[in-house]
*Asks:* 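First the structure, then my questions, so here it is.
The shown structure was predicted, so the numbers you read here are calculated from the model rather than taken from an experiment.
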Amino acid sequence: MPTKIFVNLPVKDLARSKQFFSDLGYAFNPQFSDENAACLVISEDIFAMLLTEPFFGNFSRRTVADTATTIESIVTLSADSRAAVDELADRALASGGSPAMDPIDEGPMYGRSFLDPDGHHWEVMYMDPAAVQGA
């Protein structure tokens, strides 16, 4: 059985965050969603738990990061092509995200990044399979 990953992210406005990721084409698992949390389904084995900041704060003794001034992580998603990278990044920017860094174009590796409405840093990367096999 493959390992599943659940990335937990604090959000200021759960409805806004759900709308943003819905606009990117993602769905939510209602079984693990309520007024404090939404289970974002990224793939069969990858999920992001979008948790309201007060609820998120219950899971740690540490202060929730202020993503306006600090970075707590970079979540990177793979893409099947350069066009798929551009499609997802463009949808993110059109749906209320903002650019995070300049695009990466290093031959067989191509990527773009964005900040979601809560300031979480996301990257979308494509790696040419032929380059990976040759490594």
Side-chain angles (χ1 to χ4, degrees):
M1 180 174 174
T3 299
K4 297 186 183 300
I5 184 171
F6 290 82
V7 176
N8 294 275
L9 298 172
V11 299
K12 292 180 182 3
D13 182 333
L14 186 59
R16 179 189 67 182
S17 294
K18 286 176 65 175
Q19 184 62 56
F20 175 79
F21 287 104
S22 292
D23 289 348
L24 298 187
Y26 293 108
F28 292 87
N29 182 337
Q31 183 179 4
F32 301 111
S33 301
D34 60 21
E35 68 279 356
N36 291 310
C39 180
L40 171 65
V41 179
I42 297 171
S43 77
E44 185 177 321
D45 296 313
I46 304 171
F47 307 87
M49 293 300 299
L50 307 178
L51 308 173
T52 62
E53 285 185 345
F55 188 60
F56 181 90
N58 291 326
F59 297 97
S60 178
R61 292 186 183 106
R62 300 172 78 187
T63 304
V64 175
D66 176 2
T67 56
T69 59
T70 60
I71 185 167
E72 83 281 73
S73 66
I74 298 174
V75 180
T76 304
L77 304 174
S78 64
D80 292 333
S81 67
R82 293 170 71 95
V85 169
D86 288 335
E87 181 183 334
L88 185 57
D90 288 344
R91 273 193 283 154
L93 298 176
S95 298
S98 58
M101 299 291 289
D102 291 335
I104 297 167
D105 193 351
E106 298 179 359
M109 185 171 65
Y110 177 69
R112 290 181 52 195
S113 59
F114 60 89
L115 302 175
D116 69 21
D118 287 286
H120 303 295
H121 188 138
W122 294 79
E123 288 185 339
V124 187
M125 299 295 293
Y126 167 71
M127 175 68 77
D128 182 345
V132 174
Q133 291 172 354

*Asks:* Nearest 0.5 Å, please: how far is CZ in Phe32 from CG in Leu40?
*Replies:*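 With rounding to 0.5 Å, CG (Leu40) is 14.0 Å from CZ (Phe32).
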
*Asks:* Over all heavy atoms of both residues, which pair between Leu93 and Pro99 is shortest? Give the atoms and the distance, please.
*Replies:*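 Looks like CD2-N, 3.5 Å.
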
*Asks:* For Asp128, what residues pass the salt bridge (Lys or Arg N to Asp or Glu O under 4.0 Å) criterion, not counting sequence neighbours?
*Replies:*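 In terms of salt bridge (Lys or Arg N to Asp or Glu O under 4.0 Å), with neighbours along the sequence ignored, Asp128 is linked to no residue.
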
*Asks:* Around atom CG of Asp80, are there more than 12 heavy atoms of other residues, nucleotides or ligands at under 6.0 Å?
*Replies:*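 Counting other residues, nucleotides and ligands, CG of Asp80 stays at 12 neighbours or fewer.
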
*Asks:* Given side chains that start at C-beta, do those of Asn8 and Phe59 come closer than 4.5 Å, heavy atoms only?
*Replies:*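 A side-chain contact under 4.5 Å is absent here.
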
*Asks:* Please examine the side chains of Phe20 and Asp118, heavy atoms only from C-beta on, and report whether any two atoms are closer than 4.5 Å.
*Replies:*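 When only atoms from C-beta onward are counted, Phe20 and Asp118 do not touch, as no gap falls below 4.5 Å.
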
*Asks:* Mind checking whether Phe114 and Trp122 have parallel, tilted or perpendicular rings, split at 30° and 60°?
*Replies:*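 Correct class here is parallel.
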
*Asks:* Does the side chain of Pro108 come within less than 4.5 Å of Met127's, by heavy atoms?
*Replies:*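 When only atoms from C-beta onward are counted, Pro108 and Met127 do touch, with a gap below 4.5 Å.
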
*Asks:* Tell me, please, which residues at least two apart from Tyr26 pass ring-ring contact (aromatic ring centres under 6.0 Å, His included).
*Replies:*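 ring-ring contact (aromatic ring centres under 6.0 Å, His included) list for Tyr26, sorted by chain: empty.
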
*Asks:* Which atom names give the shortest non-hydrogen contact between Pro103 and Arg112, and what distance separates them?
*Replies:*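 Looking at all heavy atoms of both residues, the shortest contact is CB-CG, 3.9 Å.
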
*Asks:* With sequence neighbours excluded, tell me which residues meet side chain to side chain donor-acceptor pair (under 3.5 Å) with Asp45.
*Replies:*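 Residues passing side chain to side chain donor-acceptor pair (under 3.5 Å) with Asp45: Lys4.
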
*Asks:* So do the side chains of Ser113 and His121 get within less than 4.5 Å of each other, counting heavy atoms only?
*Replies:*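 Side chain of Ser113 against side chain of His121, heavy atoms only: contact under 4.5 Å found.
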
*Asks:* Answer with yes or no whether the hydrophobic clustering places Phe55 together with Met49; edges join I, L, V, M, F, W, Y residues whose side-chain heavy atoms lie under 4.5 Å apart.
*Replies:*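 Yes; tracing contacts between hydrophobic side chains, which count when under 4.5 Å, links both residues.
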
*Asks:* About how many Å separate NE2 of His120 and CG of Leu50, when rounded to the nearest 0.5 Å?
*Replies:*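 Atom-to-atom, Leu50:CG and His120:NE2 are 7.5 Å apart.
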
*Asks:* Which atom pair, heavy atoms only, marks the closest approach of Phe21 to Asp116?
*Replies:*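 That would be CZ-OD2, 3.7 Å.
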
*Asks:* Search all heavy atoms of Arg91 against all heavy atoms of Asp23 and return the closest pair with its distance.
*Replies:*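 Closest pair (atom of Arg91, atom of Asp23, distance): CD-O, 3.7 Å.
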
*Asks:* Who pairs with Asp13 by salt bridge (Lys or Arg N to Asp or Glu O under 4.0 Å), at least two apart in sequence or on another chain?
*Replies:*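 Listed in chain order: nothing, the list is empty.
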
*Asks:* Taking all non-hydrogen atoms of both residues into account, name the closest pair between Ser33 and Cys39 and its distance.
*Replies:*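 Minimum heavy-atom separation between Ser33 and Cys39: OG-N, 3.0 Å.
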
*Asks:* Nearest 0.5 Å, what's the OG1-CD1 distance between Thr3 and Ile46?
*Replies:*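 Spacing of OG1 (Thr3) from CD1 (Ile46) equals 11.5 Å.
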
*Asks:* List for me each residue that meets side chain to side chain donor-acceptor pair (under 3.5 Å) alongside Tyr110, sequence neighbours excluded, and say none if there are none.
*Replies:*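 Partners of Tyr110 by the side chain to side chain donor-acceptor pair (under 3.5 Å) criterion, ordered by chain and then number, come out as Asp86.
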
*Asks:* Hey, does Leu88 have a side-chain heavy atom less than 4.5 Å from the side chain of Leu24?
*Replies:*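 Contact flag for Leu24/Leu88 side chains = yes.
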
*Asks:* Quick one: list whatever passes side chain to side chain donor-acceptor pair (under 3.5 Å) with Thr76, sequence neighbours left out.
*Replies:*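 Thr76: side chain to side chain donor-acceptor pair (under 3.5 Å) contacts with Glu123.
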
